[in-house]
Amino acid sequence: MRIGLLTEGGYPYLSGDAGLWCDRLVRGLGQHEFDVYALSRSEDQEDEGWVPLPPQVSRVRTAPLWTARDAGPAYGRRARRRFTEYYGELADVLCASGTGDLPGHPGETSASEADRFANALHGLAGLARDEGPLAGALRSETAVRALERACRAPGAQRPAREARVPDLLAVVAHLARALRPLSLDWYDDAGLGAVDLCHAASGGSAALPGLLARHFFGVPLLLTEYGVRLRTHYLTATEYSPSIRALVAAFHGRLTAEIYRRAAVITHGNAHARRWQERCGADRAKLRTVHPGMDAAPFTEAGEYPDRTAPDTLVWVGTVEPAKDLVSLLHALTEIRKEEPWTRLRIIGSPRDPEGAEYLAHCRALAAHLFPDDADGPYAPGRDPVSFEAIGDPGLPFARDAYTAGALVVLSSVVEGFPAGLVEAMLCARATVCTDVGAVVEAVGGTGLVVPPRNPRALAEACVALLRDPGRRARLGAAARARALELFTVEQNVTAFHGIYQEIHSRTPVRRVVPYDAGEPRPFAAPAETHVPDRWTAGARPRAARSRPGWATDAPPRPAAALSAVEGAR
Amino acid sequence: MSGLGELDRPGTPGHPGTPGGPETPGGLGTPGGSGAWDERSRRWPDRAPGPASDSVRAGSREGHPERRPGTTRRAGPDPVKALMQRHRALCERAVDPLEIAAGLEAHGVTDRTAAHFRHRDVFSLAEEMYARVPRDDEPPSPESDLLPGDASGHDTDRLTGAGDGSLPAAPTATPPARPGWIALTLLPGALCAATVAGLRLTHGQPRLITAAAGALAAALALRVVLRRWRPAGGPHPHTATWTSWLVGYALLGDGLLGVVLRGGPDALPTGGADGPWPVSATPALALALACAPALWCAHLFAVRARRTLATSRGLNDFTASVRTLLYGTFALFLCVTAALAALSGALLDQPVPAPQTLTLGALLFLARLTAGHGLTHTPALVLTGAATAEATALAGLFAGRLPGCGVLAVPVEALVTTWGPGSVPTAACGAGALTLLLHATRRLTRASAHADPEPHR
């Protein structure tokens with residue numbers, strides 16, 4: 001199959017979000033052909049360059065999201081009228097009283113509004129296709145006037161009614177940026193029209209080309225959201241005036257709902273994202289959970305020969321920052337040491353930003369205050385029961401050494417997304433004690449102890465229970481490794497997407513109509529077999545010939561081979 | 001790590017966007033004792049035990065009297081109200097329930113926490129909180145949240161914002177006027193005055209060198225000054241060429257016109273006003289001196305327009321106020337230029353060709369003003385037109401000398417004999433200035449002309 005991978009500020013760029021995931025996906029699915037359509041987020045990102053691409057990436061097209069390449073031609077009278085109509089409709093939908101018909105509460109008004117939004121979007125896209133880029137028009141006075149008219153119309157929501165001129169300008173600028181993918185030159189038969197499936201690596205702007213490809217060519221859209229874009233938007237755009245936030249939030253809400261409505265399948269990484277997707281109007285029948293994949297290879301040895309370590313040591317591994325709540329952990333340690341006086345805690349991790357550095361200093365001071373050095377005997381040198389280390393220190397060259405440095409891995413976060421560190425600990429066959437935040441329960445299942453967040457005493461009790469019971473620790477560790485290997489490996493992730501691709505392709509194939517000269521559609525003109533990737537067809541391409549024999553390429557490549565390649569790329 | 005775990009990381013509680021100040025966990029207070037924990041625990045009265053997956057119950061609090069929160073554990077009969085008070089800023093700010101839900105999650109509220117408030121999930125809890133926020137239906141008065149004094153700067157900062165990848169960030173179009181910049185704007189005028197003084201004191205070869213060096217220095221200074229105000233997308237090509245032509249014509253053109261009508265030119269200009277090809281240095285000096293007020297006026301216009309933008313309620317209001325502002329600024333500039341022209345006439349002890357100077361000044365000022373707001377196309381066109389008109393007049397006169405082409409020189413001759421040689425540049429520049437004024441009235445009074453420009457590579 002030919003997959004159009006749509007990313008925003010992501011995959012081929014070095015500093016992209018979710019770059020590693022996309023890279024593993026592309027390398028893991030060598031039997032498919034990938035066209036990467038990437039939107040870049042900043043000039044710096046463009047300057048940094050790309051990651052090395054595997055041969056199955058047949059083409060890469062990029063476009064900047066942060067600037068308009070050209071303002072486009074000045075529109076003629078008819079084009080202007082079309083633009084005013086569609087933009088006005090878009091503005092009307094955004095300003096319409098939003099509280100009555102939230103996404104997730106589908107009612108009749110909501111459905112008709114969603115249709116109007118979709119019509120406006122498609123209309124603008126069609127205009128851009130017929131008349132040239134929209135960039136100039138989207139920032140023109142026409143757009144501002146249309147938005148003002150919609151805001152002052154009866155029935156507009158309250159923050160929209162209060163919008164001032166600067167608010168209108170800011171909203172227009174934001175919409176111009178968000179709608180930039182409409183003006184791209186990707187929507188032709190050689191571009192997105194030629195792919196069998198669009199796979200958007202995130203929601204929002206990245207999925208917009210997929211939406212249009214579906215509209216223009218009927219290409220099915222697969223949406224993968226490891227982080228819900230709408231939610232990110234709510235968290236980041238907080239310093240603007242209520243009018244701006246209301247209108248922009250309405251736009252993103254509508255866009256998200258529209259993408260969910262049109263997508264063939266929507267995947268997410270955990271139940272939290274799933275709840276947001278359901279709430280924003282995603283049909284449950286389309287939702288699939290595809291757990292993020294972790295590379296299990298570095299942890300194999302540690303996982304298979306588990307107990308080599310001090311039985312009275314707790315380990316915390318991660319990035320030091322306030323959300324990790326190390327203070328709670330230190331307080332829990334005081335409780336633990338009342339029961340088990342020789343318990344030590346190794347905090348392994350380094351801060352990522354100044355705030356984290358400050359927090360680390362605070363934690364060090366607190367540890368020094370709470371735990372004076374203790375010594376084994378009256379003449380033995382004292383040692384600190386809490387140590388602060390970092391991966392890469394002598395004795396801890398790799399992450400696996402950090403996890404295996406103690407009998408028990410503890411996680412005390414108050415806020416957490418998908419706990420990658422926890423899964424790594426599970427792969428190392430460690431028993432874990434975690435706080436019940438984010439996707440922790442989902443990840444750990446029954447293979448570790450879970451306590452409420454911000455509760456040092458509960459954390460201490462759980463730790464003491466496991467410290468006193470090595471047998472239980474071993475059983476939990478083995479179960480954890482088995483669970484992680486089953487659910488959270490790269491192979492699992494890649495296979496799941498392979499299955500989803502095939503499911504979509506079988507259920508909603510692209511119907512390409514090739515007409516006779518007379519204009520009637522020609523039956524069987526475009527069967528699935530007509531498209532054969534370049535690299536299959538020829539030993540003429542030395543790269544393909546070198547990697548493996550031509551007859552073997554249609555079999556799925558061995559994941560292990562792909563994995564080692566990924567590690568090289570890392 | 002995998003790079004994926006961070007994707008769905010809800011914003012940390014101390015996230016700059018969320019009002020996380022008071023609720024930052026471990027709010028780095030006293031680095032000793034349990035101060036941080038106590039402070040935090042007091043703000044978290046509903047720390048009820050969640051379902052532990054492996055028979056671990058949340059511990060009781062005996063033996064930790066100092067950790068018992070100041071408020072009661074169940075905050076009265078209405079726990080949601082307590083929660084709303086804790087997240088007051090979030091609730092007041094929110095424009096829809098999902099925003100509250102996102103904010104609550106960023107503070108660690110989960111569905112299990114929501115269960116203590118008798119809600120199925122965070123979304124329904126957020127909906128209740130959103131519905132219970134008191135909202136007055138009176139729209140806030142514009143003065144209440146906007147100080148007119150610093151509205152411009154403040155609002156500009158807010159609008160341009162930080163580049164969070166979501167809302168557009170752009171450099172402000174109007175750089176603040178700093179003393180250094182103000183001094184810099186005076187530089188072309190000063191250099192031109194120095195050149196004119198040098199011309200008076202020198203003769204012969206040094207005089208030529210002085211003139212060339214002075215013109216070059218003034219042009220360079222002008223370029224440096226104008227660079228600060230590059231229009232978005234860069235200046236239009238050839239604008240500088242046509243501007244130089246126009247200024248050069250003001251310097252030499254009128255004299256040349258007179259000479260050509262008398263059958264010349266027979267010699268190169270000597271730099272004096274009384275030579276065979278008279279040079280009128282007054283307009284050039286006046287225009288160089290007017291550089292500084294022109295830039296100040298343009299700056300004033302931009303700043304005042306932004307301030308108007310921040311305070312106006314609708315687009316029509318804005319257009320009306322900015323139109324007045326535009327005419328006012330333009331009139332101010334004309335007055336200043338007239339005064340400077342009179343001054344330079346007095347300094348040089350020469351007659352002042354006021355119409356030419358004023359129209360050319362107006363043309364250049366308006367071109368600068370419109371180009372400064374990103375409308376580079378029309379000013380370039382108008383400058384080209386004016387320069388072409390002047391060139392055509394001269395070329396017509398010369399062409400009239402060819403046999404059989406005498407008719408080409410007739411209109412210019414008629415014009416010059418009726419109105420004097422100054423009528424050609426006055427007509428050309430005046431028409432151009434009028435066109436640009438109409439253009440500016442249409443385009444610069446739009447709000448979109450004062451929006452922040454897009455970033456360009």
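Letters A, B, ... are given to chains in the order of the sequence lines, protein chains preceding strands, and every chain is numbered from 1. Note that this is a predicted model, so its numbers are computed, not measured.
Between A:V171 and A:L169, the closest side-chain pair of non-hydrogen atoms is not below 4.5 Å.
Electrostatic pairing of A:E148 and A:R164 does not count as a salt bridge here, judged by no charged N lying under 4.0 Å from a carboxylate O.
Around the CZ atom of B:R132, the shell of radius 6.0 Å holds more than 12 heavy atoms that belong to other residues, nucleotides or ligands.
For B:T445, no part sits under 4.5 Å from any heavy atom of chain A, backbone or side chain. At a 4.5 Å heavy-atom cutoff, B:D317 makes no contact with chain A through either its backbone or its side chain. Residue contact with chain B, scored on non-hydrogen atoms closer than 4.5 Å, involves the side chain of A:R152 exclusively. Residue contact with chain B, scored on non-hydrogen atoms closer than 4.5 Å, involves the backbone and the side chain of A:A246 alike. A:A163 touches chain B through its backbone: at least one of N, CA, C or O sits under 4.5 Å from a heavy atom, while the side chain does not.
Closest approach of A:L65 to A:R180, counting heavy atoms only: O-NH1, 2.6 Å.
For B:F123 and B:Y130, the gap between ring centers reaches or exceeds 6.0 Å.
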